[in-house]
Amino acid sequence: MKLLRVSLLVLSSLMISCFAFAADMKVGFIYIGPPGDHGWNYQHDVGRKSVDEAFGGKVETVFQENVPESADSERVMTQMALSGVDMIFATSFGYMDPVLNVAKKFPNVKFEHATGYKTADNVSTYSARFYEGRSVIGHVAGKMTKSNTIGYVASFPIPEVVRGINSAYLAAKAANPNVEFKIIWIFTWYDPAKEADAAKTLIQQGADVIMQHVDSSAIMTVAEEAGVYAFGQASDMSAFGPSAHLTAIINGWGPYYVKRVQQAMDGTWKGGEQTFDGIGAGMVVIGDMSDKIPDSVKKEAQAIADGIASGKLHSFTGPVNKQDGSAWLAAGETADIGTLLGMNFYVEGIEGDIPQ
Amino acid sequence: MDLGDIKISLLLASLIVAATPILLAALGELIVEKTGVLNLGVEGMMIFGAIAGFIATIETGSPWVGFLFSILGGAAIAFIFALVTQIFRANQVASGLALTLFGLGLSSLLGHSYTGIKPAAFSDLHIPILSEIPILGVILFQHDPIIYFSILAVAAVYFLFRNFRLGLILKAVGENHDSAHALGYNVILIRFGAILVGGAFAGLGGGYLSLVRVPQWTEGMTAGAGWIALALVVFASWQPFRLLIGAYIFGGVTLLQLNLQALGLEINVALLSMSPYLVTIGVLVFMSARRSRGSLEAPRSLGKTFFGL
């Protein structure tokens, strides 16, 4: 009898606490690495926090870090859905198929998948036009290099990364016709030691400006030590290289996350949508420019950013040939979205092959 | 093939830097395995050493204190492993794996407020006269003290097992712990000590990563270096100098493939990325194949728990 009474008491207090703390909506985020990487995951977490701020107690956010792009992610998302999460942001490309699998099992949960291309009735995708930012920093790199050699540390040969290389190269070449790119693929998004090795190698081979499409801040640290320049990736990384840091491409996920959560609460959220925003929508933000950049170059870079934001400029504007010399864009023509999303070729002038 | 842009002396100098964390961790594991204990927690001890050294360097401003704490941190976390496997006789494989997970978790917890900070620089020690030798000086004698230490440590471990009584005792415990026990050696105590020394080396390797090679703290920054160290011990068939060769080949091919890529050579990049593993294993297996079998086998009591108290 006593046991019954105690358990009833416990049960009722549990229920009260549930009601007392129940938010209108619960939103889950899964990250491929730690939010402490000061790069990709860090910015997604900044976005998550702006959801917290925007909705106060009405929306509760949860997150899981270091989720591998494998069956593990399916398990994590399933667990989130089972624990009452209404909306899940899966923030890495490799979660694509797991998202679709879990979405099928939980038709009432809304899924948002970053950088992917497959959708469903309850799955939308979103990605940023990072390549727009690369046009801006590519211009700065072309102007700042003295050795005319720009090093590029790349992760995986997927369209997003190839697009970034091409965009940066075209901008750098336009700013400085003698510029040459040296590209190293390291086949990982996050391995500080490997990233540092790659950057050191590029510097030893004469690069004096390093660009990166990997997540950690190791390259900035190496650049600072070697006295060369680099750019922040995904976040401002000037803390790691006060004199090396020229500017940064910052991922601004906050506005999008707040908008989508709001839509979900209003009932206007739709699956099957594919968002692909850039500088104009604030999804790509150009960070503060260093004093090392001459004022004239700062102005030019700003003009490129403004032009892209207003739609007057496009990162891929003809005439542009492919690497093998075949024509791609005629004079004045801009790249169509399909080619951009599936980009698997270098533009003319870049040496080396894209690993297949 | 245009090798013009690859400066061989710089390449060789930086391969030593790249290989040192793995070399130190592997050397520690070699000592541990020689006494018959298999500690799969190298990754965990390394990363804990990395954060312990990093925090100490930030708080005191001295990388020397940092390295001291890397050593102490590695040994401290190895102490847990020693306690669990030697005193409570838990399974070594499971405990080692748990140690790795524990080390990774604990280090990211401790390191939370230490991201985005730069540690004090650890200056190179140019050895007088020797560092002036053209080419060779750049490759060998313009490094930081930890690198000189790592090479001396390899030699010390080699002579320890070859010329000293202590080395023989360690080996005896690893080959046949019952016999060693019967001869009056305290198996548990000896293994306990070896595990602590192994942890200290792994911690120092981790500290080298966060204080010199990268140098900054990021979560999970060892990124599998501990596992490579473990594999190296086996492929080097428990011989210190082969370990040195293996680690340097691994570091060298890793850097060489980056250099070849930067040159824009038309070689399959996936193949290049694989090459450090393939070449290192290939060379070490080739070296082993020429020796008689006896000297290549694992310590016979490796991974076995000693119950003979």
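Below, chain A is the first sequence line, B the second, and so on; all start at residue 1.
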Hey, is the main chain of A:W185 close enough, under 3.5 Å, to the side chain of B:Q261 for a donor-acceptor pair? yes
Kindly write out the residues that satisfy side chain to side chain donor-acceptor pair (under 3.5 Å) with B:T218, not counting sequence neighbours, or none if the list is empty. none
Taking every heavy atom of A:Q204 against every heavy atom of B:L11, the minimum-distance pair comes out as OE1-N, 4.2 Å
When only pairs under 4.5 Å are counted, which of B:P215, B:A18, B:G220 shares the most heavy-atom pairs with chain A? B:P215
Any chance you could measure A:I183, atom CD1, to B:L263, atom CG, to the nearest 0.5 Å? 12.5 Å
Take atom CG in A:D72; do more than 12 heavy atoms of anything else shown fall under 6.0 Å from it? yes
Just wondering, are more than 12 heavy atoms of other shown residues or ligands nearer than 6.0 Å to OH in A:Y169? yes
Counting only heavy atoms not in B:H112, do more than 12 sit closer than 6.0 Å to its NE2 atom? no
At a 4.5 Å cut-off on heavy atoms, which part of B:L209 comes close to chain A: side chain, backbone, both, or neither? side chain
State whether the number of non-hydrogen atoms from other residues, nucleotides or ligands found under 6.0 Å of A:Y42 atom OH is greater than 12. no
Ranked by heavy-atom pairs below 4.5 Å to chain B, first place among A:S217, A:S216, A:A207 goes to A:S217
Residues, nucleotides or ligands: over 12 heavy atoms within 6.0 Å of B:Y148 OH: yes
Heavy-atom pairs under 4.5 Å with chain B - which of A:A196, A:P157, A:P192, A:A199 has more of them than the others? A:P192
From the options B:N259, B:L10, B:L258, select the one residue that forms a side-chain contact (heavy atoms from CB on, under 4.5 Å) with A:Q205. B:N259
A:L202 versus chain B, the contacting section by heavy-atom distance below 4.5 Å: side chain
State, yes or no, whether a side-chain contact exists between A:E65 and B:E219 at a heavy-atom distance under 4.5 Å. yes
Of the backbone (N, CA, C, O) and the side chain (C-beta and beyond), which part of B:P21 lies under 4.5 Å from a heavy atom of chain A, both, or neither? neither
Check step by step if side-chain contact (heavy atoms from CB on, under 4.5 Å) holds for A:D197 and B:R213. CA-CA 9 Å; A:D197 283 345; B:R213 183 156 167 234; 2.4 Å; yes
Would you indicate whether the side-chain heavy atoms of A:E195 and B:V214 approach each other to under 4.5 Å? no
